[in-house]
Amino acid sequence: MEQQKRYGHFDDQHREYVITDPQTPWPWINYLGNEDFFSLISNTAGGYSFYKDAKFRRITRYRYNNVPMDNGGRYFYIKDGDTVWNPGWKPCKTPLDFYECRHGMSYTRITGRKDGVEASVLFFVPLKKWCEVQKLTLKNESSAVKKLKLFSFEEWCLWNAATDMENFQRNFSTGEVEIEGSTIYHKTEYRERRNHYAFYHVNAPIQGYDTDRETFVGLYNEFANPDAVMEGKPRNSHAHGWSPIASHYIEVELKPGESKDFVFLLGYIENEQDEKFEAPQVINKKKAHALISELDTTEKVDKAFAELNALWDNLLNIYKVRTGNDKLDRMVNIWNQYQCMVTFNFSRSASFFESGVGRGMGFRDSNQDLVGFVHQIPPRARQRIIDIASTQFPDGGCYHQYQPLTKRGNNDIGGGFNDDPCWLIFGTVAYIKETGDFSILDEMVPFDNQPGSEVTLFEHLKISMDHVIKNLGPHMLPLIGRADWNDCLNLNCFSWDPNESFQTTENVSEGTKAESLMIAGLFVVTGKDYVALCKKTGKDDEAARMQKAVDAMIDAVKKHGWDGEWYLRAYDFYGRKIGSNENDEAKIFIESQGWCTMAEIGAEDGLVAKSLDSCKKYLECEHGMVLNNPAFSKYIYEYGEISSYPEGYKENAGIFCHNNPWVIIGECLAGRGNDAWSHYAKILPSYVEEKYQTLHKVEPYVNCQMVAGKDAFKPGEGKNSWLTGTAAWMWYTVSEFILGIKPDYDGIRIDPCLPETATDYTVQRKFRDADYEITIHPNGAQKGVKKVVLDGSPIEGTVIPYSAGKHVVEVTM
Ligand code: BGC
């Protein structure tokens with residue numbers, strides 16, 4: 001491999017990724033905020049903020065797929081004599097003497113130096129507060145007095161990010177602002193139905209401001225050279241319609257060696273209907289003043305920042321491994337867990353690949369994300385389960401997505417994905433195993449959010465299982481519906497109209513024979529979990545009923561789902577095989593190999609081992625396992641979107657990182673630790689970060705949804721970073737199946753599956769009210785625990801029985 005250019009490196013001690021060149025091959029971003037107020041921020045300070053919902057409550061404007069890329073964000077312009085520069089290099093792109101961006105846990109620090117001045121900005125969202133803090137520190141490192149002109153910049157979004165991009169006939173007339181001291185308020189549509197406004201404040205007197213974009217920038221200029229900045233003169237413009245912005249102007253004088261802090265605050269406020277105004281047309285600023293006063297000094301900001309760091313100390317103390325392998329440790333202890341929190345918060349709504357207007361929270365996605373997150377803040381996972389289940393229909397079917405602001409199912413994205421219901425069991429079981437909180441099963445949860453329709457959560461689980469059983473096809477395998485996990489395997493859609501979305505176009509259910517082996521495997525895995533849960537809660541009849549259904553499914557898969565060397569993928573509308581040696585293309589798919597091996601269907605007859613071998617033989621390549629092989633080379637009307645992609649991309653034979661862990665878990669269950677590890681390392685960001693800084697393109701500290709597969713024009717190129725089920729699945733795989741620390745109803749099950757080369761390692765695991773220090777001695781074994789010693793005494797079996805307090809565990813393999 002030729003030596004590649006490096007753009008950054010890990011700093012494990014500070015839990016940061018340090019970017020040292022602003023011209024990364026793609027914007028490398030981070031997320032700020034943990035609960036209600038969120039921001040996306042790139043390594044050059046591009047991005048935007050929103051409250052809860054990236055579609056309905058967008059606070060600042062962002063233009064996707066722009067030229068140049070990633071234009072627009074929170075910008076500080078520093079005019080030093082005739083030179084104008086930004087700490088994050090963009091948008092002026094004035095060459096800097098030093099540049100560094102440190103992405104950390106829910107914060108980003110960007111530092112630039114130019115001509116003896118250092119400007120460092122710390123961006124974060126304080127806990128429980130609806131604002132983004134931007135603490136700018138200016139330092140004079142030269143030996144002369146510096147007289148600087150500082151301009152801040154934010155551009156307001158008119159709240160609904162979708163209409164903001166299209167309804168210009170209205171938008172150009174609605175914009176409204178107020179200016180009070182050093183605070184610029186954005187109050188568009190507040191006069192009518194909105195009860196919220198935003199503000200941009202700085203904790204210093206200002207010598208001018210601008211709120212009208214064209215006046216500030218100049219119609220024929222760009223963010224790189226706004227008129228006001230270039231001239232060093234704010235216009236004190238007051239926006240009426242057009243495009244409201246917020247820019248403060250501050251004159252700063254710094255003696256040699258002197259430094260000054262400025263706290264900028266981008267805030268969001270909601271008022272009660274009858275308290276909206278303090279005078280006719282004048283917004284009630286009481287809450288804004290209060291929020292500002294909580295963060296108006298460096299000390300207060302530093303304290304809020306320390307609280308944020310403490311939160312992350314706690315979150316990352318729950319599961320901590322020491323293997324001596326930095327690359328593994330940093331992913332397990334820091335970045336994988338961090339990405340899990342982000343995907344839990346955002347589902348697939350807002351990233352640099354997800355516009356924030358297209359998708360809300362996915363039913364299946366959120367259930368999976370939960371598994372990566374539940375150990376961190378179980379009460380939030382609990383709430384999420386209830387929110388998700390509340391959007392379900394009485395027959396167990398689901399809206400595919402719901403909007404985070406309203407928590408209502410979103411019909412625009414469709415429904416009828418027949419795998420969806422099973423994921424509710426997956427998420428709920430993970431929650432109960434982590435917490436021991438069976439009471440969640442008794443929560444009363446509505447259907448489709450309709451008051452009066454409430455039944456227990458357990459009832460929701462039951463109808464979820466039944467939804468599969470009631471929708472079986474001719475081979476007694478699950479009917480696929482619109483699609484299963486693979487949104488793009490649309491076997492009942494038949495679309496020739498390019499303007500039609502595969503997600504919402506007709507989904508023919510009459511006469512279909514389209515069945516899914518992926519759902520079959522998923523049903524068996526979640527069915528076994530459901531049976532165990534029923535037994536655990538004394539519902540023996542229900543357990544027996546479902547065990548029968550699970551057994552029947554296993555039989556059906558063995559009879560109609562095995563192709564000789566691997567599991568079939570599906571049957572199409574007409575009952576023809578998909579993912580079979582008989583097919584010309586796409587003879588083998590990963591999803592059914594993953595789920596049927598996780599379900600261990602036919603393990604006793606060697607099916608699992610054969611399937612796993614076939615994954616190695618046909619799906620694996622240098623960068624991971626592709627989704628199907630060979631790729632589709634043409635559009636197949638009966639298959640839908642999957643065959644619409646060029647070879648090697650996305651669902652057509654891309655490396656969909658999300659489903660590699662399924663096969664890895666299959667490997668772990670089969671005890672094949674060497675194979676499990678080699679698959680895992682191929683898509684572990686820290687393992688590929690050195691080799692692929694330019695090829696991979698996207699952030700080297702998190703997984704991306706898709707890496708171009710072996711049939712692609714450029715294998716190894718990554719796309720769709722950050723918001724992907726890969727995060728939770730990588731976490732689930734490594735924490736529970738490779739390192740083998742598995743929460744269970746009565747305690748922690750120890751069952752690692754390791755490469756032969758693994759050496760002793762220790763996992764620090766907080767579990768409910770207990771604290772376990774578990775040391776594993778692999779002794780060259782890939783699988784098989786021989787002895788577990790708990791606090792000095794050997795125990796029977798491999799489950800450490802839960803009891804509060806501190807415990808030391810020694811495990812010999
Ligand atoms: C969706 C998932 C889906 C996957 C495969 C992702 O974009 O969010 O729900 O399972 O694609 O199609």
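Only a predicted model underlies this, so the values are computations on that prediction, with no experimental measurement involved. Each ligand, and each atom within it, is numbered from 1 in the order the structure gives.
- Checked by atom type and distance alone, the side chain of Asp711 never pairs as donor or acceptor with a backbone atom of Glu647 at under 3.5 Å.
- The shortest contact between atom 10 (O) of ligand 1 and any protein heavy atom is with Trp485 O, 2.5 Å.
- Within the 4.0 Å heavy-atom criterion, neither part of His658 lies near ligand 1.
- Atoms of ligand 1 found under 4.0 Å from any heavy atom of Phe656 (numbered from 1 in listed order, with element): 4 (C), 5 (C), 11 (O).
- Considering both main-chain and side-chain atoms, Lys650 never comes within under 3.5 Å of ligand 1 through any nitrogen or oxygen pair.
- Close approach to Arg364 involves these atoms of ligand 1, each under 4.0 Å from a residue heavy atom: 2 (C), 3 (C), 9 (O), 10 (O).
- Asp484 and Arg569 are joined by a salt bridge, as a carboxylate oxygen and a charged side-chain nitrogen come within less than 4.0 angstrom of each other.
- In Asp487, the parts holding a heavy atom less than 4.0 Å from any atom of ligand 1 are both the side chain and the backbone.
- Of all protein heavy atoms, the one lying nearest to atom 12 (O) of ligand 1 is Glu651 OE2, 2.5 Å.
- Counted by atom type alone, Gln403 and Asp53 present one or more donor-acceptor pairs between their side chains at under 3.5 Å.
- Residues Arg364 and Asp419 are paired through a salt bridge, judged by an N-O separation under 4.0 Å between the basic side chain and the carboxylate.
- Note on ligand 1: His400 sits outside its first shell, no heavy atom being nearer than 4.0 Å.
- A salt bridge links Arg348 with Asp369: the distance from a Lys NZ or Arg NE/NH1/NH2 to an Asp or Glu carboxylate oxygen falls below 4.0 Å.
- Near Asn486, meaning under 4.0 Å from one of its heavy atoms, ligand 1 places the atoms 12 (O).
- Taking the six-membered ring wherever Trp is involved, the centroid distance between the rings of Tyr637 and Tyr635 does not fall below 6.0 Å.
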Notebook entry, point to check: Do Lys616 and Asp675 pass the salt bridge (Lys or Arg N to Asp or Glu O under 4.0 Å) test, and can you show the C-alpha distance, the side-chain angles, and the key distance before you say yes or no?
Noted result: CA-CA 9 Å; Lys616 287 208 311 192; Asp675 292 326; 2.8 Å; yes
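- Protein heavy atom at the shortest distance from atom 6 (C) of ligand 1 is Gln705 NE2, 3.6 Å.
- If you check the side chains of His103 and Asn43, you find no donor sitting under 3.5 Å from an acceptor.
- Atoms of ligand 1 found under 4.0 Å from any heavy atom of Arg359 (numbered from 1 in listed order, with element): 1 (C), 7 (O), 8 (O).
- Counting only heavy atoms of the protein, atom 2 (C) of ligand 1 lies nearest to Asp365 OD1, 3.3 Å.
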